[in-house]
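Down below is the structure, laid out as structure tokens.
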There are 2 protein chains.
Amino acid sequence: MNVEHINPFLSATVTVFRTMLKCELVRGQPFLKNGTQPPFDISGIIGLSGAAKGTVVLSLCRESALRAAEAMLGQAPSSIDADVRDAVGELTNMIAGSAKAKLEHLNLSVSLPSVITGKGHCIDFPRSITPVCIPFDCPWGMVAVEVGLGPA
Amino acid sequence: MNVEHINPFLSATVTVFRTMLKCELVRGQPFLKNGTQPPFDISGIIGLSGAAKGTVVLSLCRESALRAAEAMLGQAPSSIDADVRDAVGELTNMIAGSAKAKLEHLNLSVSLPSVITGKGHCIDFPRSITPVCIPFDCPWGMVAVEVGLGPA
């Protein structure tokens, strides 16, 4: 995957968390995902297509998801309910939309976000694609964005 | 969701299973998915965008996934491994591609398939979309396709 395609997703994530959630993310070291997966509790996923095809996944630990939903909705959910799932889907959508705007030459369009829950769920990309995982730390816990882009 | 948009996914699923896996699916009654989710073991997911935006999910029970992979690969996997995940992703890709060709007026493009594993995983669509679930039965066990399409 072209490293120049990573930065738009990285900066989109930081900006969306800052503006929508008033949450400052601290970026960890991006790495090529090789099968191992940190145990997140909830993930938003959205497809990209255009001059490249791909997928963006935003994964959050339980606490990060609950606090992010609280920041968006103004009240604290007590469990990962429909409000939290919608908040995570909307954040995923905003990150993909913001990155797409910065990758104008790829003429990307985004699909609908879906949200995956289930303790220990795994999301795998096609073997032909090695996604890049960008881990973030924030006061609420762990957040990660995975991006896989391949030829159209 | 427009009911005319369902049939292309239904017939694409039957055709892909018949031609790729030599497996005859028996269609159950499609229903609007309202939050409850049958407990599948593996799901392929792919995004659609164009004059509409959406997501297609192909879910299989463990036995169906193993046997589908065996039919594609020519040898029986013993667990849901990388080969099985790739087979499910490829089937999802073929179903979306075949349905897209039948929905020419929507000018859809498909993203990359991702594959979700984890016992009891749930996949939720945005609240603004009510996906249609098409259950199928086959000699191997349960298979279902969910489609959610909304305005672009």
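Reminder, nothing fancy here: chain letters follow the sequence lines and each chain counts from 1.
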Does any backbone or side-chain atom of [X] lie under 4.5 Å from a heavy atom of chain A? Answer side chain, backbone, both or neither.
X: B:Leu108; result: neither
X: B:Leu48; result: backbone
X: B:Ile129; result: side chain

Side chain, backbone, both or neither of A:Ile45 within contact of chain B (heavy atoms, under 4.5 Å): side chain
Would you mind checking which part of A:Val110 comes under 4.5 Å of any heavy atom in chain B, side chain (CB onward), backbone (N, CA, C, O), both or neither? both
Kindly compute the distance separating NE2 (B:His121) from CD1 (A:Ile123), expressed to the nearest 0.5 Å. 9.5 Å
Residues in side-chain contact (heavy atoms from CB on, under 4.5 Å) contact with B:Pro135, at least two apart in sequence or another chain: B:Phe31
What residue, out of A:Gly118, A:Pro113, A:Gly120, A:Pro131, has the most heavy-atom pairs lying under 4.5 Å from chain B? A:Pro113
Would you list the pairs meeting side-chain hydrogen bond (donor to acceptor under 3.5 Å, both in side chains) in which at least one residue belongs to residues 107-116 of chain A, sequence neighbours left out? A:Ser109-B:Ser49
Ordered numerically, the heavy-atom neighbours of chain B under 4.5 Å found in residues 71-91 of chain A are A:Ala82, A:Asp83, A:Arg85, A:Asp86
Indicate the atoms forming the closest heavy-atom contact of B:Gly148 with A:Leu112, along with that distance. O-CD1, 4.1 Å
Check: residues 12-19 of chain B side-chain donor-acceptor pairs under 3.5 Å, at least two apart:
residue, atom, partner, partner atom, Å
B:Thr13, OG1, B:Phe9, O, 2.6
B:Thr15, OG1, B:Ser11, O, 2.8
B:Arg18, NE, B:Glu24, OE1, 3.4
B:Arg18, NE, B:Glu24, OE2, 2.7
B:Arg18, NH2, B:Glu24, OE1, 3.1
B:Thr19, OG1, B:Thr15, O, 2.8

